[in-house]
S.K.: 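One structure coming up, written as structure tokens, with questions to follow.
Remember, it's a predicted structure, so these values are computed and weren't measured experimentally. The figures that follow rest on heavy atoms only: side chains count, while hydrogens, waters and symmetry mates do not. Letters A, B, ... mirror the listed sequences (proteins, then strands); counts begin at 1.
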Amino acid sequence: MSEETLAKAYTPAEVEGKWYQTWEQRGYFHADVNSPKTPYSIVIPPPNVTGILTLGHVLNNTLQDILIRFEKMRGREVCWVPGMDHAGIATQAKVEAFLKKEKNLTRYDLGREKFLEEVWKWKEQYGGKIIQQLRTIGTACDWPRERFTFDEGLSNAVQEVFIRLYNDGLIYKGHRIINWCPKSRTALSDEEVIYRQESGHLWHIKYPYADGTGCVIVATTRPETIMGDTAVAVNPTDERYTGQVGKMLLLPLTDRQIPLIADEYVEKDFGTGAVKITPAHDPNDYEVGLRHNLEMPNIMNDDGTMNAAAGPDFDGLDRNVARRLVVEKLEEQGLLVKTEDYVHQVGYSERGGVPVEPRLSDQWFVKMDVLAKPAIEAVTSGKIKFHPDRWVKTYLHWMENIKDWCISRQLWWGHRIPAFYCEKCGEVVVAKNAPEKCPKCGHEHFRQDEDVLDTWFSSWLWPFSVFDWPKDTPELKHFYPTNTLITGPDIIFFWVARMIMAGLRFMGKIPFEDVYFTSIIRDEKGRKLSKSLNNSPDPLDVVATYGADALRFTIIYIAPMGQDIRYDNKKCEIGRNFANKIWNVVRFRLQHGTAPADWQDLSSLKASELRPDDQWILARLNRITKTMTKDLDEFDFNDASKAIYDFIWNEFCNWYLESAKPALSAPAGTTCATLKVFDYCLGTFLKLLHPIMPFVTDELYHQMGFCGEKDSIMLQPWPQAISDARMQELGATESVEQLNAAKYDLVRAVRNLRANYQLSTSLPLDVVISPASPEAKAFLDLDHDALAALLNAKSLTLGEKPAGPAGVAVSAIGNAFVPLAGLVDFAAETARLQKQQTEAEKYIATLQKKLANKGYVEHAPAAAVEADRAHLAETEDKLARIREQLAAFNS
RNA sequence: GGGCGAUUAGCUCAGUUGGUUAGAGCGCAACGCUUACACCGUUGAUGUCGAGGGUUCGAAUCCCCCAUCGCCCACCA
């Protein structure tokens with residue numbers, strides 16, 4: 001293996017598929033319920049069975065995967081339960097469209113049973129694509145535990161919950177105004193209605209008094225419901241109508257008379273101050289209707305067309321057509337006073353995409369206030385934490401104003417409501433199966449409720465139903481409550497809030513401790529990703545082009561907590577280039593063979609063998625180890641990605657690796673302490689990076705021989721920082737760290753000089769360094785080779801300024817002189833030094849002003865003041881040396 | 001009508017208890033194929049931290065107000 005060389009560039013496609021298969025086959029993703037380790041569990045937000053992978057899923061699932069891999073390395077027994085949602089409306093609509101296209105059939109042509117067979121068939125054939133797609137991004141899901149919200153166990157949980165809530169009086173059937181989707185022909189919950197601002201009209205219509213004494217003018221946005229009016233209401237204090245309340249009005253376009261009533265609900269100042277009341281087609285009107293005991297005629301069919309009650313002229317017309325016809329007729333009859341342009345909010349069906357119709361009907365509801373109470377407490381008390389925590393406010397606002405949840409749907413694809421009606425007396429029995437006999441009349445024939453349940457009625461049980469609740473399974477005991485939930489803030493009400501309620505109600509315990517709300521991904525212009533805009537990149541294409549690790553890293557790198565992110569494919573170059581960089585570190589390292597078996601054992605290392613750069617990188621490694629651990633612990637994924645990126649690219653590659661080249665290519669390079677330190681850092685940062693970039697890190701871990709073929713980086717323990725005491729022993733002290741950093745400043749200054757003289761970086765130079773102090777000299781003397789390598793010096797001497805013309809680079813640790821026979825451009829050199837002089841003077845002025853401020857010296861932390869004083873002294877010294885050089889030029 | 005978020009370099013964004021000469025990536029300019037990497041290296045330029053007040057010795061950071069953009073919630077027909 002040591003003779004093998006890696007390709008010059010990393011090709012993700014060659015390793016990613018291989019590793020995923022290996023991990024899965026070896027069972028690394030599978031949790032042992034009997035493990036003595038502390039459990040850590042996550043349940044996946046189940047994607048719709050109709051779904052395909054989007055960037056949103058990539059972000060969401062990458063974050064979960066990072067936590068799972070991190071916690072596994074930290075020694076926990078991790079269990080990430082995957083699964084899918086049967087997604088009632090979405091799936092039914094999809095299959096209906098499919099059947100229409102393929103066979104020109106509607107669900108009504110097939111009938112309920114046949115249709116459901118078709119849905120299952122469709123599910124087997126086309127459903128669940130997303131589950132396969134998830135594997136391409138590396139998700140460490142416990143696949144043998146995959147669940148479906150419509151499988152037997154979960155269906156059982158749904159029935160159980162329905163029955164329990166019914167028996168507890170928290171589920172009831174009610175005759176109410178609900179949101180109706182005329183396209184899917186079903187009731188919806190309030191959450192499934194999306195309000196959009198629309199420009200429409202406010203029509204002013206005359207309602208003549210029956211006694212011929214004039215008329216009331218009513219303003220409405222929905223003239224087509226006029227046939228459903230059963231009153232006109234005004235505010236009781238409205239003087240315009242004093243004495244008129246109680247009189248009858250002729251309802252236009254009909255032969256009916258309706259009363260003028262007074263109700264507080266009406267705002268005097270809006271419109272004309274008079275409102276037509278249509279109790280069966282408006283939630284507010286319904287309330288008014290109840291208060292005034294009004295008739296509630298329903299004038300629409302379930303598909304949004306008008307019915308016979310709307311009168312022969314309108315029967316069968318679509319509601320929009322009816323609206324135009326009503327307006328036309330009113331105009332003809334001279335009853336239309338005016339038409340005003342009017343911008344208002346119109347509720348649309350989330351799935352159907354059509355305006356919802358408020359509709360009076362019999363539906364099942366869950367009484368929510370009782371369930372909400374403990375769920376509010378769980379969050380306010382901090383037992384459940386939200387990240388970022390501002391979502392708490394949103395959550396509480398909704399919970400404290402919660403309304404009953406309409407859970408029945410007039411669909412076929414879903415959990416059938418476990419309610420049975422006696423065919424004789426109508427008695428309702430809520431149970432898993434129809435009773436033998438009616439408890440009331442003894443009749444033996446029952447008919448099950450036709451309706452199914454809202455999809456979310458199964459989703460809200462997910463954290464425990466996946467472990468086969470209500471059975472008392474070992475999984476349930478071991479993995480519930482789960483630890484972390486990662487989801488989008490768009491389903492905080494649909495799902496998160498309801499899971500908390502269900503968890504507390506049925507398990508008596510919160511379902512998760514931490515909820516992390518992900519960013520919303522937008523396109524480069526800030527628009528939401530959507531099919532219609534065609535601005536939604538296919539993650540599989542991205543993976544094919546850049547690699548899964550690249551996509552994972554990039555998306556984490558650009559997604560700060562709680563902010564929307566602007567994504568475009570080009571950004572994946574960040575991740576791709578980073579993977580390539582690491583690949584090449586290993587490619588470089590393998591020139592010296594693979595790692596020795598004891599590469600992780602630093603116990604034999606002595607300070608005397610270490611170069612300052614070795615000590616410096618160990619200090620930096622310790623720092624990044626702590627940072628990564630803390631960041632992942634606190635869900636600061638974005639910070640973690642930036643920290644490890646900077647460590648590897650900047651500190652390790654740009655500085656350490658370059659400094660190590662002479663030591664490694666020396667005859668003893670393969671046994672030297674530097675190699676040991678190199679390997680230790682490399683192995684450690686591969687482990688630190690593994691949760692974010694699982695594929696390339698495992699591949700390289702193996703390439704390096706850091707573990708055996710049969711082993712994996714996934715199974716390695718999470719890195720621990722080296723103890724402070726041991727760091728002292730190794731001479732990796734803070735002062736060495738600082739001196740070494742100052743050394744790098746000097747290198748930068750020389751490189752700057754080189755650039756100014758347009759001296760190629762590949763041209764070796766003679767460099768003379770005059771250290772600024774004996775301490776600096778002692779330090780620089782420790783390792784000339786590394787310094788020479790960083791400077792690309794062909795000779796390096798410590799001493800006085802050489803005779804003859806030379807360029808000079810001034811830094812805190814000393815001056816560096818580069819003899820430039822015949823090349824020195826005095827004007828340019830003077831300009832460069834003057835610029836440095838100005839900068840130093842400016843800085844000194846800033847510091848002096850600060851230190852002269854009594855308030856600062858008295859109030860600021862002592863460390864800050866001290867640091868400033870040190871900077872001041874250092875900069876003053878530097879300035880003096882700059883001036884000295886300037887003077888030398890001008891003499 | 002309430003609530004929340006955003007406004008920092010040409011672009012996309014970091015900046016965690018107020019205290020380094022305000023940072024990164026991309027882009028840009030100059031130089032360089034130095035045997036890990038051109039998916040690279042070196043060097044460099046660029047910011048009145050949205051406007052205005054206030055608190056403080058000190059504000060990108062805290063408070064007030066305003067502006068612009070975005071999201072969520074809310075029954076004004």
Side-chain angles (χ1 to χ4, degrees), chain A residues 5-6 8-10 195 202 218-222 233 265-267 269-278 282-287 342 344-345 358 388 390-391 393-394 397-398 401 489-490 492-493 520 522 524 526 528 546 550 557-558 560 562-568 570-571 573-574 576-591 634 636 638-639 642 645-646 650 653-654 657-658 661 665 748 751-756 758-764 789 792 839-840 842-847 850 853-861 863-865 867-868 871 875:
Chain A
T5 48
L6 299 184
K8 212 166 172 183
Y10 172 53
Y195 288 90
L202 196 56
V218 162
T220 181
T221 55
R222 304 210 52 202
Y265 151 69
V266 182
E267 302 269 338
D269 301 331
F270 186 84
T272 60
V275 187
K276 67 195 264 314
I277 300 299
T278 322
D282 182 280
N284 294 308
D285 293 6
Y286 175 69
E287 295 298 323
Y342 185 61
H344 62 144
Q345 302 271 71
R390 63 185 149 84
W391 291 107
K393 216 165 172 175
T394 306
H397 182 257
W398 187 74
N401 297 285
D490 50 330
I492 187 169
F493 308 137
I520 292 169
R522 299 170 177 282
E524 69 275 16
K528 265 191 182 170
Y546 297 97
Y557 187 83
I558 65 177
Q563 288 313 130
D564 290 358
I565 60 182
R566 294 190 185 209
Y567 173 90
D568 91 84
K570 193 164 185 299
K571 287 189 172 165
E573 288 179 6
I574 300 169
R576 181 199 59 182
N577 295 354
F578 188 41
N580 189 244
K581 189 76 180 175
I582 299 158
W583 175 266
N584 274 288
V585 171
V586 172
R587 191 169 120 90
F588 166 78
R589 171 59 186 80
L590 286 175
Q591 291 177 332
E634 295 173 357
D636 284 332
N638 184 244
D639 283 352
K642 288 186 162 150
Y645 182 91
D646 183 63
N650 201 258
C653 293
N654 289 351
L657 186 150
E658 293 301 328
K661 279 179 177 174
S665 55
R748 250 189 292 264
R751 286 170 176 172
N752 172 280
L753 183 139
R754 197 191 263 278
N756 271 276
Q758 307 226 330
L759 300 171
S760 159
T761 42
S762 60
L763 178 71
N792 190 20
E839 271 170 19
K842 217 175 104 193
Y843 188 31
I844 287 168
T846 308
L847 288 172
K850 222 167 145 186
N853 183 335
K854 263 189 207 155
Y856 175 67
V857 180
E858 281 166 23
H859 299 285
V865 178
D868 281 342
H871 285 142
T875 313

S.K.: Please list each protein N or O that sits under 3.5 Å from an N or O in nucleotides 69-76 of chain B, with the distance.
M.R.:
residue : atom : partner  : partner atom : Å
B:A74   : N6   : A:Gln345 : NE2          : 2.7
B:C75   : O2'  : A:Asn284 : ND2          : 3.1
B:C75   : N1   : A:Asn284 : OD1          : 3.3
B:C75   : O2   : A:Asn284 : OD1          : 3.1
B:C75   : O2   : A:Asn284 : ND2          : 3.4

S.K.: Hey, are A:Tyr10 and A:Asn584 close enough side-chain-wise for a donor-acceptor pair under 3.5 Å?
M.R.: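 Per modelled atom types, A:Asn584 and A:Tyr10 side chains form no pair under 3.5 Å.
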
S.K.: Phosphate oxygens OP1/OP2 of B:U42: is one of them under 4.0 Å from a side-chain N or O of A:Asn654?
M.R.: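 Yes, within the criterion.
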
S.K.: When the C1' atoms of B:U8 and B:C73 are compared, how many Å lie between them, rounded to an integer?
M.R.: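 Nearest-Å result for B:C73 against B:U8 at atom C1': 31 Å.
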
S.K.: Check the phosphate of B:G25 against A:Lys581, side-chain N and O only, distance under 4.0 Å to OP1 or OP2. Yes or no?
M.R.: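 Answer is no, no contact under 4.0 Å.
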
S.K.: What does the list of N/O pairs under 3.5 Å between the protein and nucleotides 58-62 of chain B look like, with a distance for each?
M.R.:
none

S.K.: Just so I know, are the side chains of A:Thr278 and A:Lys276 near enough to count as touching, which here means a heavy-atom distance under 4.5 Å?
M.R.: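 In short, these two side chains touch, coming nearer than 4.5 Å.
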
S.K.: Write down the distance between CG (A:Asp646) and P (B:G25), rounded to a whole number of angstrom.
M.R.: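 About 8 Å, once rounded to whole Å.
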
S.K.: Answer yes or no: is there a donor N or O on one side and an acceptor on the other, between the side chain of A:Asn401 and the main chain of A:His397, under 3.5 Å?
M.R.: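 Checking the backbone N and O of A:His397 against the side chain of A:Asn401, a donor-acceptor pair under 3.5 Å is found.
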
S.K.: Between A:Lys570 and A:Glu573, does any side-chain N to carboxylate O distance fall below 4.0 Å?
M.R.: yes

S.K.: Counting only Watson-Crick or G-U wobble pairs whose two distances fall under 3.5 Å, which nucleotide matches B:U56?
M.R.: none

S.K.: Could a donor-acceptor pair under 3.5 angstrom be found where the side chain of A:Lys393 meets the base of B:C4?
M.R.: no

S.K.: Under a 3.5 Å cut-off for both contacts, is B:C69 paired Watson-Crick or G-U wobble with anything, and if yes, with which nucleotide?
M.R.: B:G5

S.K.: Work out how far the C1' atom of B:A60 is from that of B:A45, and round it to whole angstrom.
M.R.: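 B:A60 and B:A45 have their C1' atoms separated by 23 Å.
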
S.K.: Checking base pairs now: Watson-Crick or wobble, both atom distances under 3.5 Å. What partners B:A14?
M.R.: none

S.K.: Are the side chain of A:Asn792 and the backbone of A:Thr761 linked by a donor-acceptor contact shorter than 3.5 Å?
M.R.: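 Yes, the answer is positive, given that a donor and an acceptor are paired below the 3.5 Å cut-off.
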
S.K.: Between A:Tyr843 and A:Phe578, name the one whose nearest nucleotide on RNA chain B is closer to the 5' end.
M.R.: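 It is A:Tyr843, whose closest nucleotide lies nearer the 5' terminus.
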
S.K.: How far, in whole Å, is B:C11 from B:G47 if one measures between their P atoms?
M.R.: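 B:G47 and B:C11 have their P atoms separated by 13 Å.
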
S.K.: For B:U21, does OP1 or OP2 lie under 4.0 Å from any side-chain N or O of A:Lys850?
M.R.: yes

S.K.: In whole Å, measure the gap between the C1' atoms of B:A36 and B:G41 for me.
M.R.: 12 Å

S.K.: When you compare the protein's N or O atoms with those of nucleotides 45-47 of chain B, which come within less than 3.5 Å of each other, and at what distance?
M.R.:
residue : atom : partner  : partner atom : Å
B:A45   : OP1  : A:Lys835 : NZ           : 3.0

S.K.: It should be established whether A:Lys642 places a side-chain nitrogen or oxygen under 4.0 Å from OP1 or OP2 of nucleotide B:C13.
M.R.: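 No.
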
S.K.: If I take atom CD1 in residue A:Ile574 and atom C1' in nucleotide B:C39, what distance separates them, rounded to the nearest angstrom?
M.R.: 12 Å

S.K.: In whole angstroms, how far is the P atom of B:U34 from the CG atom of A:Leu763?
M.R.: 13 Å

S.K.: Searching all strands shown, indicate the nucleotide that pairs with B:C40 (Watson-Crick or G-U wobble; both distances under 3.5 Å).
M.R.: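 The answer is B:G32, by the H-bond criterion.
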
S.K.: Establish, with yes or no, whether the OP1 or OP2 oxygen of B:A36 is under 4.0 angstrom from a side-chain nitrogen or oxygen of A:Arg589.
M.R.: no

S.K.: Using atom C1' in both nucleotides, what's the gap between B:G23 and B:U16 to the nearest angstrom?
M.R.: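 It comes out at 16 Å once rounded to the nearest Å.
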
S.K.: I'd like the P distance from B:U61 over to B:U55, given in whole Å.
M.R.: 15 Å

S.K.: Taking the same atom, P, in B:G3 and in B:C64, what whole-Å distance lies between them?
M.R.: 12 Å

S.K.: Rounding to an integer number of Å, can you tell me how far A:Asn580 CG sits from B:A38 P?
M.R.: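 Taking CG of A:Asn580 and P of B:A38, I get 8 Å after rounding.
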
S.K.: Which nucleotide, if any, forms a Watson-Crick or G-U wobble pair with B:U61, using both distances under 3.5 Å?
M.R.: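 Pairing partner: none.
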
S.K.: OP1 or OP2 of B:U12 sitting under 4.0 Å from any side-chain N/O of A:Arg566?
M.R.: yes

S.K.: Between A:Gln591 and B:A36, does any side-chain N or O lie under 4.0 Å from OP1 or OP2?
M.R.: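 For B:A36, OP1/OP2 do have a side-chain N/O of A:Gln591 under 4.0 Å.
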
S.K.: Is A:Lys854 close to A:Val857 at the side-chain level, that is, under 4.5 Å between some pair of heavy atoms?
M.R.: no

S.K.: Taking the nucleotide of RNA chain B with the closest heavy atom to each, which residue, A:Arg587 or A:Asn756, is nearer the 5' end?
M.R.: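 Of the two residues, A:Arg587 wins.
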
S.K.: Provide the distance between the two C1' atoms, one in B:C13 and one in B:C49, to the nearest whole Å.
M.R.: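 Roughly 13 Å separates the two C1' atoms.
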
